[in-house]
Enquirer: 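Once you've had a glance at the structure underneath, I'll fire off some questions.
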Amino acid sequence: MSRLIQNRIGNSLSRLKPQPSILIKNLSTSPEPSLDEESSQSSHIWNVIVGRAGGDRAVSDEDEVFHRLSNDPLCKRVTLSDTLLNKLLHRFRDDWRSALGVLKWAESRKAHHHKHSPEAYDLAVDILGKAKKWDRMKEFVQKMSEDKAVTLNTVAKIMRRFAGAGEWEEAVNVFDRLNEFGLEKNTESMNLLLDTLCKEKRVERARSVLLELKAHIKPDSHTFNIFINGWCKTNRVEEALWTIQEMRGYGFRPCVISYTTIIKCYCLQCDFIKVYEMLSEMEANDSPPNSVTYTTIMSCLNSQKEFEESLRVAARMKRSGIEGDTLFYNCLIHTLARAGRVEEAERVFRDEMPSVNTSTYNSMIAMYCHHDEEVKAVELLREMEGLKVCEPDVHTYHPLLRSCFKRGDVIEVGRLLKEMVTKHHLSLDESTYTFLIQRFCRADMCEWAYCLFEEMISQDIAPRHRTCLLLLEEVKKKSMREAVERIEHVMRTVKLTAPVK
DNA sequence: TTAGGGTTAG
């Protein structure tokens, strides 16, 4: 949503009660931090920027962020390491203005000859690309180029962001200009371009790039796997099989990656006869399936609600002596949970897993919530916080929030939201806002729903058309006239998110 | 990013 539109509607907005952002903001009064460790330094900087310390308002541009940080007495005492800077940029990955402000502030704190780490530069490029601020991104890359700071990794970010936004010819242009960045056109950089195009389903365009370049640059086995994936993504498995032959012609043996890619394609076609045929072929061909292969098949079976068959695939993997990794076990736990086998899921979680991550906990928490065992679910959340192996994300909280709504406990909803924002610095995403707005409407609390709607708009997150309609209907029922006007205005002026399929 | 996920659904 453009600043212009926001300004135009800003005036009528400020007269409305409750004020936008008030919901989350009121939830977010955090205590004065002691700045003795990196995470509290990061928290303080975050609070300065989002306006919970010092000023009241959230900032609107990068210079304001810069000035706030420069003028804050506690920020002046912060030791700004590369890790802290990266952590901050990561937190502001959806807010390019704040990210650039932080970077500028970081620059002002350093000695003249000192450069940011390559990760920080690349993160900034990626954040600008994600926000589709192409001019700012090009300008930033130009400055990096003068500092000889552009790496292949930077180029990867630029290409993938361009291609992801449908600007795939721009991605090709970046490759053509590699020499200007002091980088080489070789198999690695060519593969990056081909992969970018294939992932965006421009496999024919990738093909023409290869034909053009192959006199100078030799393809390798990765090149062919990239094309196999490209064909499979566009559901052209015949071409993928043909690429396997082409690969052999170039003297490369198809590997477990080549076969697993094709298996996934058969999975999506629900052609399980072919899936199992290929599995046997792999075993016979001396490229045995691995944990990735089995996880792919299980996930697909799960999406068909074929949980028992999925568990048989897991058993087959164990029989063949292959060790599962975290993603495999996460899938297994999810399967067991969906199959109603809670005790088995608990056993796998406690005794079998080599390591766990956020998703593992999320699956377990969702399982407990699903079985109305919220006490156990919250216990796991606390365990997660205590062990610090992985941190909760918005998905950790979704089932918990859902349970609160189910019991009609909106106080607890508020408490959980506060915890998300203040304790874990999670920012609500589009799907969380949508979910909350729906549930508050259904709970006959459309004032809260409307607050969240405003909060969402103020963060440039476009609501779904359906969300607007639902909320509009509710505020009309309560004769909230200004809210009605405001929602109708948003529906006319903002490009709304299409409903999810 | 050369291959693998689900997540809030009355």
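Chain naming here is simple, since letters A, B, ... match the order of the sequence lines and numbering starts at 1 in each.
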Enquirer: Between A/Ser310 and A/Glu306 (side chain of the first, backbone of the second, donor and acceptor by atom type, cut-off under 3.5 Å), is there such a pair?
Expert: no

Enquirer: Between A/Met420 (CE) and B/dT7 (P), how many Å, whole number?
Expert: 17 Å

Enquirer: Report the distance from atom OH of A/Tyr250 to atom C1' of B/dT2, rounded to the nearest whole Å.
Expert: 18 Å

Enquirer: B/dG5 and B/dT1: how far apart are their P atoms, nearest whole angstrom?
Expert: 13 Å

Enquirer: Rounded to the nearest angstrom, tell me the gap between atom CD in A/Gln304 and atom C1' in B/dG6.
Expert: 15 Å

Enquirer: Would you mind reading off the distance between A/Arg338 atom CZ and B/dG5 atom P, rounded to a whole angstrom?
Expert: 16 Å

Enquirer: Nearest of B/dG5, B/dT8, B/dT1 to any side-chain atom of A/Asp195?
Expert: B/dT1

Enquirer: Donor-acceptor pair under 3.5 Å: do we get one between A/Asn290's side chain and the base of B/dA3?
Expert: yes

Enquirer: Taking the minimum atom-to-atom distance to the side chain of A/Arg442, which one of B/dG10, B/dG4, B/dT8 wins?
Expert: B/dG10

Enquirer: On a plain distance test, is the side chain of A/Ser359 in donor-acceptor contact with the base of B/dG6 below 3.5 Å?
Expert: yes

Enquirer: In whole angstrom, what separates A/Asp429's CG from B/dT8's P?
Expert: 12 Å

Enquirer: Which one, B/dT2, B/dT7, B/dG5, comes nearest to the side chain of A/Asn330?
Expert: B/dG5

Enquirer: Among the candidates B/dG6, B/dA3, B/dG4, find the nucleotide nearest to the side-chain atoms of A/Asn362.
Expert: B/dG6

Enquirer: Is any side-chain N of the basic residue among A/Lys130 and A/Asp126 closer than 4.0 Å to the acidic one's carboxylate O?
Expert: no

Enquirer: Measure distances between side-chain N and O atoms of A/Ser299 and base N and O atoms of B/dG5, and say whether any donor-acceptor pair falls under 3.5 Å.
Expert: no

Enquirer: Under 30°, 30 to 60°, or over 60°: which ring-plane class applies to A/His398 and A/Phe435, parallel, tilted or perpendicular?
Expert: perpendicular

Enquirer: May I ask you to evaluate whether A/Lys233 reaches the phosphate of B/dT1, defined as a side-chain N or O under 4.0 Å from OP1 or OP2?
Expert: no

Enquirer: If you go through the side-chain atoms of A/His395, does one of them form a donor-acceptor pair with the base of B/dT7 closer than 3.5 Å?
Expert: yes

Enquirer: Between A/Phe349 and A/Tyr361, is the ring centre distance below 6.0 Å?
Expert: yes

Enquirer: In whole angstrom, give the distance that lies between atom CG of A/Leu192 and atom P of B/dT2.
Expert: 8 Å

Enquirer: Can you check the A/Phe307 CZ to B/dG5 C1' distance for me, whole Å?
Expert: 13 Å

Enquirer: Is there a donor N/O on one and an acceptor N/O on the other, under 3.5 Å, for the side chain of A/Ser291 and the base of B/dG4?
Expert: yes

Enquirer: Check residues 439-446 of chain A and write down every donor-acceptor pair under 3.5 Å in which the side-chain atom is one partner and the other belongs to a residue at least two apart or another chain.
Expert:
none

Enquirer: Using a heavy-atom cut-off of under 4.0 Å over every strand shown, decide if A/Phe328 touches base, sugar-phosphate, or nothing.
Expert: base

Enquirer: A/His222: what forms a ring pair (Phe, Tyr, Trp, His ring centres under 6.0 Å) with it, not counting sequence neighbours?
Expert: none

Enquirer: Tell me what A/Ser431 touches on the nucleic acid: a base, only sugar-phosphate, or nothing, going by heavy atoms under 4.0 Å.
Expert: base

Enquirer: Below the 4.0 Å mark, does B/dA3 have OP1 or OP2 next to a side-chain nitrogen or oxygen of A/Asn229?
Expert: yes

Enquirer: B/dG6 base to A/Asn302 side chain: any donor-acceptor pair below 3.5 Å?
Expert: no

Enquirer: What is the distance, rounded to the nearest whole Å, between atom CD1 of A/Ile322 and atom P of B/dA3?
Expert: 19 Å

Enquirer: Tell me which nucleotide among B/dT1, B/dG4, B/dT7 gets nearest to the side chain of A/His334.
Expert: B/dT7

Enquirer: At under 4.0 Å, does any side-chain N or O of A/Arg439 touch on OP1 or OP2 of B/dG10?
Expert: no

Enquirer: Applying a 4.0 Å non-hydrogen cut-off, can you work out what A/Lys199 is touching in the nucleic acid: base, sugar-phosphate, or nothing?
Expert: base

